[in-house]
Structures are given as C-alpha cells and as structure tokens.
Amino acid sequence: QVQLEESGGGLVQAGGSLRLSCAASGRTFSSVTVGWFRQAPGKEREFVAAIAYVAAMTYYAHSVKGRFTITKNSAQNTVYLQMSSLKPDDTAVYYCAARRSSTVRTGLDEYDYWGQGTQVTVSS
C-alpha cells in the first residue's frame, strides 16, 4: 500500500512559478510510475505529467510541455512538479498518483493510488 500526499499549491500570478511535491509513505516508489493529474472546476480530471521511477523516463501532456518539469528524489521518496510560465488555464486541483508498473501511462484508471490533491490558482 502506498499513501501519497501533495503539497506546494497556492495562488500565483500569471507567468509565475510553483513547485508541487508528492511524498510517498507506506512503500517506496520503486518499480512504479508516478503521475500528476489535474481537475479544473466543471472539467474532467486530466493527465499532466508522469515519470517512470526507476528509468526516470518522463512524459508530458501537450498543454504543459516546455513549461512543467517532473523530477524525483529517490532518497526522499518524493516526486516534484515544477510549474513555470503559469497561465490562468492551469488553475485546478492537482493530484499525485502512483501506478504499480514502470510503464508510463496517461489514463486515470491505470493508476492504483491517489493523493487528496492540492489547489493551484493562477490569477490573470
């Protein structure tokens, strides 16, 4: 069993930056893929980025590629999402999720564990 806890959300102006953290407990992140998803008001939850924990291969949604970077700190069992050049459209609750496989996937139903989410609000 893996417990995930997100942190780092907040209010930022357009063009600004935030770094989200996803800390795992219960089990390590070995042999898993960790992903970030987001859900804006009135919209479905969507894939943002993912990292295969062992190989460190990454994958990004088109809407965030070049602006967001997903990284990991194996010693601290933490995955980060560095978000730059933020836009009002990035406003959402951001969720961290883990998948019991080293193959990166983007579908919500392919992830086994979820955090409670952290709010990111980008003002114009």
Side-chain angles (χ1 to χ4, degrees):
Q1 193 76 3
V2 175
Q3 291 81 43
L4 304 174
E5 183 173 5
E6 304 94 337
S7 61
L11 174 64
V12 64
Q13 289 187 333
S17 300
L18 278 176
R19 188 179 78 161
L20 305 183
S21 300
C22 174
S25 60
R27 281 186 59 182
T28 65
F29 272 146
S30 61
S31 300
V32 301
T33 294
V34 178
W36 284 96
F37 293 78
R38 66 186 182 186
Q39 187 166 18
K43 295 187 177 181
E44 295 186 351
R45 194 172 299 188
E46 64 177 5
F47 171 81
V48 174
I51 184 166
Y53 208 72
V54 173
M57 294 178 64
T58 58
Y59 188 79
Y60 297 92
H62 178 74
S63 59
V64 306
K65 198 168 186 178
R67 300 188 298 122
F68 291 11
T69 303
I70 187 169
T71 58
K72 65 181 179 71
N73 183 319
S74 299
Q76 297 185 349
N77 224 25
T78 301
V79 170
Y80 302 98
L81 184 68
Q82 178 67 47
M83 306 185 295
S84 302
S85 301
L86 283 162
K87 307 173 183 179
D89 284 349
D90 295 317
T91 295
V93 177
Y94 283 72
Y95 297 90
C96 171
R99 179 171 184 272
R100 291 190 302 260
S101 169
S102 59
T103 304
V104 174
R105 291 287 186 267
T106 63
L108 276 70
D109 57 355
E110 297 185 277
Y111 284 77
D112 304 296
Y113 307 101
W114 290 84
Q116 294 300 307
T118 186
Q119 176 71 47
V120 172
T121 303
V122 184
S123 62
S124 57

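Values below: all heavy atoms of this structure, side chains included; hydrogens, waters and symmetry mates excluded.
Across Trp36 and Cys22, no two heavy atoms sit closer than the pair CZ2-CB, 3.6 Å. Of all non-hydrogen atoms in Thr103 and Thr33, the two that sit nearest each other are O-OG1, 3.3 Å. Ala50 approaches Val104 most closely through the heavy-atom pair CB-CG1, 3.8 Å.
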- Message: Run the side chain to side chain contact (heavy atoms under 4.5 Å, CB included) test on Ser63 and Arg38 for me, step by step, so that the C-alpha distance in whole Å, both residues' side-chain angles and the decisive distance to 0.1 Å come before the verdict.
- Response: CA-CA 12 Å; Ser63 59; Arg38 66 186 182 186; 3.5 Å; yes
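To the nearest 0.5 angstrom, Asn77 atom CG is 8.5 Å from Ser25 atom OG. Remark: Leu18 CG to Thr118 OG1 distance equals 9.0 Å, nearest 0.5 Å. Atom OG of residue Ser17 and atom CZ of residue Arg67 lie 10.5 Å apart, to the nearest 0.5 angstrom. To the nearest 0.5 Å, atoms OG1 (Thr69) and CG (Leu81) are separated by 8.0 Å. Rounding to the nearest 0.5 Å gives a distance of 10.0 Å between CG of Leu4 and CD of Gln116. A distance of 9.5 Å separates CD in Gln119 from CG in Leu11, rounded to the nearest 0.5 Å.
Cluster membership for Leu108 and Tyr95, using ILVMFWY side-chain heavy atoms within less than 4.5 angstrom, is shared. A continuous path of Ile, Leu, Val, Met, Phe, Trp and Tyr side chains, each step under 4.5 Å between heavy atoms, connects Val122 with Phe68, placing both in one hydrophobic cluster. The hydrophobic clustering, which links ILVMFWY residues whose side-chain heavy atoms are closer than 4.5 Å, places Met83 and Tyr60 together. Taking hydrophobic clusters as Ile, Leu, Val, Met, Phe, Trp and Tyr residues chained together by side-chain heavy-atom distances below 4.5 Å, Val34 shares a cluster with Val120. Under a hydrophobic-cluster definition in which Ile, Leu, Val, Met, Phe, Trp and Tyr are linked whenever side-chain heavy atoms come within less than 4.5 Å, directly or via other members, Ile70 and Tyr94 are assigned to the same cluster.
No side-chain donor-acceptor contact under 3.5 Å links Arg99 and Tyr111. Between Lys72 and Ser74, the side chains place a donor N or O and an acceptor N or O closer than 3.5 Å (distance only, hydrogens not considered).
Side-chain atoms of Thr78 never come within 3.5 Å of backbone atoms of Ala23 as a donor-acceptor pair (strictly under, hydrogens ignored).
At most 12 non-hydrogen atoms from other residues, nucleotides or ligands lie less than 6.0 angstrom from CD of Glu5.
A cation-pi arrangement is absent between Arg45 and Phe37 under the rule of less than 6.0 angstrom and at most 45 degrees off the ring axis.
By the side-chain hydrogen bond (donor to acceptor under 3.5 Å, both in side chains) test, Gln82 is found to be paired with no residue, residues two or more places apart in sequence or in another chain being considered. Checked against ring pair (Phe, Tyr, Trp, His ring centres under 6.0 Å), Tyr59 has the following partners two or more places apart in sequence or in another chain: Phe47.
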